[in-house]
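Reviewing the structure listed below.
These numbers come from a predicted model, not from an experiment. Letters A, B, ... are given to chains in the order of the sequence lines, protein chains preceding strands, and every chain is numbered from 1. Both backbone and side-chain heavy atoms feed into the values below; hydrogens, waters and symmetry mates do not.
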Amino acid sequence: MAADLRDFIRDRIRRDLDGGGAGVVTRFPPEPNGYLHVGHSKSICLNFGVAQEFGGKTYLRYDDTNPERESTDFVEAIQNDVAWLGFDWEGPTFASDYFEELYRFAEQLIERGKAYVCSLTADEIRRTRGTLTEPGTPSPHRDRAIAENLDLFRRMRAGEFPDGEHVLRARIDMASPNVNMRDPILYRIRHATHHRTGDDWCIYPMYDFTHCICDALEGITHSLCTLEFEDHRPLYDWVLDNIAVNFHPPQIEFSRLEVEYVVMSKRLFAALVDGGHVTGWDDPRMPTLAGMRRRGYTPAAIRELCRRIGVTKSENRIEYELLEFCVRRDLERAPRGMAVLDPLRVVLTNFQAAAETLSAAWHPQHPDLGNREMTFSEVLYIDRDDFMETPPPKYRRLTPSGMVRLRYGYIIICDEVVKDAAGTIVELRCRYVPESKSGSDTSGLKPKGVIHWVDAGTAQAASVRLYERLFTEANPTSANYLEVLNPNSLRVMDGWVEPAVVASGERAFQFERLGYFVKDDVDYAPARPVFNRTVALRDSYKPKVP
RNA sequence: UGGGGCGUCGCCAAGCGGUAAGGCACCGGGUUUUGAUCCCGGCAUGCGCAGGUUCGAAUCCUGCCGCCCCAGCCA
């Protein structure tokens, strides 16, 4: 399966396996302090993907070592998102599952003279860490006796000290050119309630101490993370080399996924929500998986994106068009329907009979999807921009005394343009050609265009949301995101949709010539349909503007 | 100015000494009762720059240049 995927990580795994490595075990390790976004999908698809391809397994492991920002709500939301993307995990497990073992390894480090309790203030620690070009200076507590360190650390755990009084530090090298190795902090005192362990603990392990040990304990064969952790790899290795653990996973780094016109920081997400610029974390304009789901992006499309972008160490920012391509590609097989978003009334002056019932395929290339029925009668709606009084050259829609095919219906010819006092077109009076019925046309007429329409008598009123990019610049930053916010990112249309779409149990449709639309997860009701436009159709129509 | 990374077409990305894959985008053309889909074709004498090694270099060597990350008791 997916044997065609090739990148430096998969190559590495293949080599490890050929060299006698036993199986593949990976992990996706989010901190439960926010919602997942597209960026995470690269890590998810990579970790779960390689495990699937090599017959291994993947843990969903929550890195919950900072109780003040984490919650079970996020734990659940993250699980929903990973499941939605289509992956099954081992677990879930939590770093907090290992708090007791982690603590014992910390004592072991102390006993081995590899860690000490430092009583400097946070500020003092920062000042003595040195700079990027100057070495740090050793803490006065660096050579504290082992017994004293042990006693202090146990009392830290027992809750004898307030936050900030002491920390446990690794005893490595204050002069290391790698700042992460200058006696990094392993444990800090935090009198806070943890979402899972409650008040059992008042000391919490830091990421660098926790992550590598959890990887080892779970038998992770390949610990995949993003580039910014490259500098942490020596510390990852140092911890495992200095405790009694018999497994040492390799940490392998790859570059994050970035997308043009998209911000990926939780801080910015919160600012957008709090500022009322979007309606919530699941607003269809948000790059969160929840937002994309509501927008109508499909799991398969996101997986396809991750497949196409590859895995490398080069920083990248992919064009939004690639994501849209993947979405359209997956949605191509969606059933078709017709909707009119900006209605213009068309009266067929020669249509005398009662409404006629027409039949149309749900998908022109997939007859297996069956057919739906629609009515055709004297009064119809077409979209305003499908009529022009003075059309540009090559215009293939309706014009005064011009003719056009109504998709799945009849050819109509425009006889009269009715305007109100202000000069706005309010109605078109047309003739239809009775012998031009779709599928049994004997008229011999060859209209140059086909447009969509709905029957005013049976169409259902629908609210349709059209989206544009949230930002007007490809590279919004935390500094300028407010200035480059797109004021037109949401446009709500009061339109009409053919009744079969509402009656259908399907969620996603292509409204012909308009794009792909999805019934909104939260606001849709059959009596009051609400659709979100997932993505517009590709459009190669480019009128020559002088 | 310390350390760690990265530089191949507008955006991704193969390539690992034998003479620049592929995708997206873009541009042409064909089919089409969606200006969609689908199908064909075009799109890097050049791989950050400059030297060098070699019969031969994007690939090896040397020196530059540019960009990213690191000085949280965040992850």
Side-chain angles (χ1 to χ4, degrees), chain A residues 6-7 29-31 33 63-66 68-69 95 118 120-123 125-127 129-136 163-169 176-182 184-190 203-204 206-208 210-211 225-234 253 255 257 260 305 307-326 328-329 332-333 336 338 360 363-365 394-397 404-409 411 436 438-439 441 446-452 474 510-516 536-543:
Chain A
R6 200 131 308 196
D7 55 62
E31 181 184 12
N33 71 340
D63 241 327
D64 57 345
T65 56
N66 189 0
E68 281 156 321
R69 9 185 258 177
C118 178
L120 256 24
T121 64
D123 198 50
I125 288 179
R126 182 173 47 74
R127 287 202 313 262
R129 187 152 26 223
T131 68
L132 295 179
T133 53
E134 300 158 329
D163 288 7
E165 184 102 335
H166 305 288
V167 289
L168 183 72
R169 288 232 249 170
S176 172
N178 180 346
V179 195
N180 293 115
M181 298 298 272
R182 319 242 260 233
I185 290 164
L186 268 20
Y187 268 88
R188 74 285 216 190
I189 300 171
R190 207 49 117 242
I203 57 172
Y204 291 92
M206 297 286 289
Y207 165 86
D208 286 306
T210 309
H211 203 91
C225 65
T226 42
L227 250 29
E228 67 270 25
F229 290 102
E230 277 179 316
D231 289 339
H232 294 246
R233 191 181 342 122
E253 310 86 8
S255 59
L257 161 62
E260 285 188 345
L305 173 77
R307 192 182 70 73
R308 284 168 180 266
I309 59 174
V311 180
T312 68
K313 290 177 80 103
S314 357
E315 255 133 59
N316 59 83
R317 192 168 179 86
I318 64 144
E319 292 176 334
Y320 208 85
E321 284 78 1
L322 180 60
L323 208 202
E324 292 187 324
F325 167 83
C326 294
R328 288 192 191 102
R329 196 176 109 99
E332 218 293 313
R333 58 195 170 77
R336 273 86 224 264
M338 289 198 285
H363 193 300
Q365 279 88 29
K394 304 277 181 58
Y395 189 74
R396 312 214 312 231
R397 310 175 194 179
V404 76
R405 153 81 60 188
L406 293 180
R407 171 130 247 224
Y408 300 125
I411 293 169
S436 69
S438 184
D441 185 352
K446 291 273 181 279
K448 49 188 199 286
V450 181
I451 64 173
H452 59 277
Q510 182 195 104
F511 289 162
E512 295 205 31
R513 304 209 306 134
L514 297 176
Y516 293 100
L537 259 26
R538 271 186 92 236
D539 185 8
S540 58
Y541 173 53
K542 34 192 181 306

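- The Ser314(A) side chain lies nearest to C6(B) when the options are C24(B), C6(B), C69(B).
- Listed nucleotides G2(B), G72(B), A36(B) differ in distance to Arg129(A); the shortest reach to its side chain belongs to G72(B).
- Between the side chains of Ser255(A) and Asn316(A), at least one donor N or O sits under 3.5 Å from an acceptor N or O.
- Nucleotide C67(B) has G5(B) as its partner under the Watson-Crick or G-U criteria, with both atom distances under 3.5 Å.
- Within the 4.0 angstrom heavy-atom criterion, base atoms lie near Tyr395(A).
- Taking atom P on both U45(B) and A58(B), the two are 13 Å apart, rounded to the nearest angstrom.
- At whole-Å resolution of the value, CD in Glu324(A) and P in U37(B) are 13 Å apart.
- Using a 4.0 Å heavy-atom distance criterion, Asp231(A) is classed as a base contact.
- Summarising the base pairing, C73(B) is matched to no nucleotide, lacking a Watson-Crick or G-U wobble pair whose two defining distances lie under 3.5 Å.
- For the pair Ser436(A) (side chain) and Ile411(A) (backbone), a donor-acceptor distance under 3.5 Å is present.
- Centre separation under 5.5 Å together with a plane angle under 30° does not hold for the ring of Tyr207(A) and the six-membered base ring of A75(B), so they are not marked as stacked.
- In this structure C38(B) sits in a base pair with G30(B), meeting the Watson-Crick or G-U test at under 3.5 Å.
- A distance of about 43 Å separates the C1' atoms of C74(B) and C61(B), rounded to the whole Å.
- Using the Watson-Crick or G-U wobble rule with both distances under 3.5 Å, G51(B) pairs with C61(B).
- Of the candidate nucleotides G35(B), C74(B), A71(B), A71(B) has the atom lying nearest to any side-chain atom of Thr131(A).
- Side chain of Leu537(A), nearest nucleotide from G5(B), G35(B), A36(B): A36(B).
- Among the heavy atoms of the strands, none lies under 4.0 Å from Tyr204(A).
- Side-chain atoms of His232(A) and base atoms of A75(B) include a donor and an acceptor less than 3.5 Å apart.
- At the heavy-atom level, Gly439(A) lies under 4.0 Å from base atoms of the strands shown.
- At a threshold of 4.0 angstrom between heavy atoms, the contacts of Arg405(A) include nucleobase atoms, whether or not backbone atoms are also involved.
- Heavy-atom nearest nucleotides on RNA chain B were determined for Met206(A) and for Phe511(A), and the one closer to the 5' end corresponds to Phe511(A).
- A57(B) sits 15 Å from U62(B) when the C1' atoms are compared, rounded to a whole Å.
- No engagement by Leu305(A) is indicated, since no non-hydrogen atom pair under 4.0 Å with the nucleic acid exists.
- Across the strands present, A14(B) finds no partner; the criterion is a Watson-Crick or G-U wobble pair with both atom distances under 3.5 angstrom.
- C47(B) sits 16 Å from G52(B) when the P atoms are compared, rounded to a whole Å.
- Taking atom P on both G22(B) and G29(B), the two are 23 Å apart, rounded to the nearest angstrom.
- Residues Tyr320(A) and Phe325(A) place their aromatic rings such that the two centres sit no closer than 6.0 Å.
- Side-chain proximity of Gln365(A) to G4(B), U37(B), A75(B): nearest is U37(B).
- Note: CD (Glu228(A)) to C1' (G72(B)) measures 14 Å, nearest angstrom.
- Closest-nucleotide positions on RNA chain B for Thr121(A) and Leu406(A) were compared, and the one nearer the 5' end corresponds to Leu406(A).
- The phosphate of A36(B) has OP1 or OP2 within less than 4.0 Å of a side-chain N or O from Ser540(A).
- One P atom belongs to C40(B), the other to G4(B), and the distance between them is 49 Å to the nearest Å.
- A donor-acceptor contact closer than 3.5 angstrom links the side chains of Glu512(A) and Tyr408(A).
- Across all strands, Ile309(A) comes closer than 4.0 Å only to sugar-phosphate atoms, never to a base (heavy-atom distances).
- Thr210(A) comes within contact range of no nucleotide atom at all, as no heavy-atom separation falls under 4.0 Å.
- Residue contacts for Gln510(A): at a heavy-atom cut-off of 4.0 Å it reaches a base atom on one of the strands shown.
- Across all strands shown, nothing is found opposite C43(B) as a Watson-Crick or G-U wobble partner with both distances under 3.5 Å.
- Looking at heavy-atom distances under 4.0 Å, Arg317(A) makes contact with sugar-phosphate atoms alone, never a base.
- Using a 4.0 Å heavy-atom criterion, one finds that Thr312(A) contacts the sugar-phosphate atoms exclusively.
- Leu322(A) comes within contact range of the sugar-phosphate backbone alone, with a heavy-atom separation under 4.0 Å but no base atom that close.
- Within 4.0 Å (heavy atoms only), Ile125(A) reaches at least one base atom of the nucleic acid.
- Among the heavy atoms of the strands lying under 4.0 Å from Arg397(A) is at least one base atom, whether or not backbone atoms are also near.
- Comparing the P positions of C9(B) and A20(B) gives an interatomic distance of 16 Å, to the nearest angstrom.
- A distance of about 43 Å separates the C1' atoms of G35(B) and U19(B), rounded to the whole Å.
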